[in-house]
Protein chains: 2
Amino acid sequence: MQRLASERKELLLDRLRVDGRLVAKDMAAELDTSEDTIRRDLRELAVAGLCRRVYGGAIPVAPAAASYARRQEIATTSKHRVAVACLELIQPGSTVILDGGTTALEVARLLPHDLDVTVITHSPTIAVALVDHPAEVFILGGRLFKHSVVASGAAAAEAAAQVSADLFLMGVTGVRPDTGLTTGDVDEAAMKRTLSRRAAQTWVMASEEKIGAASPFPVLRLDEVAGIVSDADPQHPVLAELARADVRVLQA
Amino acid sequence: MQRLASERKELLLDRLRVDGRLVAKDMAAELDTSEDTIRRDLRELAVAGLCRRVYGGAIPVAPAAASYARRQEIATTSKHRVAVACLELIQPGSTVILDGGTTALEVARLLPHDLDVTVITHSPTIAVALVDHPAEVFILGGRLFKHSVVASGAAAAEAAAQVSADLFLMGVTGVRPDTGLTTGDVDEAAMKRTLSRRAAQTWVMASEEKIGAASPFPVLRLDEVAGIVSDADPQHPVLAELARADVRVLQA
DNA sequence: TCGTCATGTGCAGTAGTATGCACGAGTCGG
DNA sequence: CCGACTCGTGCATACTACTGCACATGACGA
């Protein structure tokens, strides 16, 4: 039977999804082709990041969550500076929505214990970090989006619609005048928009490396948020451009 | 059966997680390979920092590597035994509600990575612990009850009403024939009841010290759950009494 | 229609890797 | 100190992977 190369690769990926593994020799026999061809396919799939090669065959891509653990440990000085600056935005007695991400986690860790505040978050990591804090904590539930470790999806959006807050401290992965605020996941972008609507003010936590960067999915325009907290050099061309566009920038 | 080298290493790591130890000779017999191969695998895993070699086999990475806070979280051997036994109750492809608490956390940590399962939990700690696991995770939101680090209260109950599961692994602080299953917080008791109604079966995780104990707030009667998983001595008078009352006890 | 080019496939040869076995050294517990 | 066990190393073997090449196919343009 004649089979298109792309069909063959789909079959290989299907097999990986179903069985969680794949032996090159077996697949060659099953698809009636040579092992070389299977190996070539697997090599290309691996390069495309769709599978992982192992001796003898392939396995599905590793749950790419290990990266978060590493990111979590290093609250870089940059993120730390931004987090410290964010503390100024939090009024005593107010309600704050804390986004996921390392900068927000740093904010949670730095929250003064004598600050009376209610924290709403869709990040279980942040909820856990606040266990020792006297603050009232409200968790938004939903499907756990493993990459950023936040509740996400329709259920999370629905839960978010039930709350109101004074301030939303939002994390993004890109801040540019042309693309606005962007992030790497479409569901996450929607969740951020929902949370933003539930707060009187939204401030963006943007450590240095986010300034001038752009990710695939737009979250909000720059004029839809109250301002940006960043530790980037005030002379930074992008910051200068933001200032010209009347975007408030809180210098960390 | 053809087994990929990488699969073999995964199996070894799983075994270390569940049993906390591993004997090279036994694993060689079990995986139908030579001791040399097992030893080579263990050597490589040790180099990668994923286990520690000891004479005769291997143990998980030194607890000394974990922080003090982390060590506090380490389940007692009793809870570990119960958690291991609970794994048997989890069917591939099923949906499990995991309660809060250290025993449930241990279950989450021990979940084999090749077990296809959906986990619903109101514990952010457990959600975070499952980040590296391929399982689908659904978080129930609500007010964070700091003492047990779970979402609780009316909002959590409402969220719980939206889900259904095959199994609820419930933690309690007291198991007695006369008082039934009890816990220390009235909201938590209500939450456990709600979760129990959302699952086809409820099993109670009761490590040794819970047997015979009673806490202020009743959760359910003993005849309202499918059974109890405990590592207490089968000769224990309370267990004997439970047996007379037709309560199923899964011996850990 | 023909030649040419790009592409995909299979084959052969070579390099690389995994495994099991044998042997000597090391380790353990009495 | 001894016997039993475990460990590491070197080696032979079998398997897997990669490279270069030949061949077939189909597209494209002259």
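Protein chains get the first letters and strands the later ones, always in sequence-line order, with residue 1 at the start of each.
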Check: Which one, dG10(C), dT19(D), dT9(D), comes nearest to the side chain of Arg40(A)?
Finding: dG10(C)
Margin query: Among dT19(C), dC15(D), dG26(C), which nucleotide has an atom closest to any side-chain atom of Tyr55(A)?
Written below: dC15(D)
Item checked: Side-chain-base donor-acceptor pair under 3.5 Å for Arg8(A) and dG8(C) -> no
Checklist line | Donor-acceptor pair (no angle test) under 3.5 Å: Arg39(B) side chain, dG20(C) base | finding: no
Side-chain donor-acceptor contact under 3.5 Å, [X] with [Y]:
X         : Y         : value
Thr179(A) : Thr182(A) : no
His122(A) : Asp99(A)  : yes
Ser148(A) : Glu188(A) : yes

Margin query: My understanding is that only residues two or more places apart in sequence, or in another chain, count here; which of them pass salt bridge (Lys or Arg N to Asp or Glu O under 4.0 Å) with Asp14(A)?
Written below: Arg17(A)
Check: Starting at CD of Glu7(A) and ending at C1' of dT9(C), how long is that distance when rounded to a whole Å?
Finding: 16 Å
Next item on the list: Calculate the interatomic distance between Asp41(B) atom CG and dG8(D) atom P; express it in whole Å.
Entry: 13 Å
Check: Contact class for Val23(B) (heavy atom, under 4.0 Å): base, sugar-phosphate, or nothing?
Finding: nothing
Item checked: Over 12 foreign heavy atoms within 6.0 Å of CG, Asp32(B) -> no
Next item on the list: Would you please confirm or rule out a distance under 4.0 Å between OP1 or OP2 of dC18(D) and any side-chain N or O of Arg53(A)?
Entry: yes
Margin query: Any residue in residues 25-38 of chain B with a heavy atom nearer than 4.0 angstrom to DNA chain D? Just list them by number, or reply none.
Written below: Lys25(B), Asp36(B)
Note to self: Name the residue from Leu45(B), Leu16(B), Ile59(B) that meets the side chain to side chain contact (heavy atoms under 4.5 Å, CB included) definition with Arg52(B).
What the structure shows: Ile59(B)
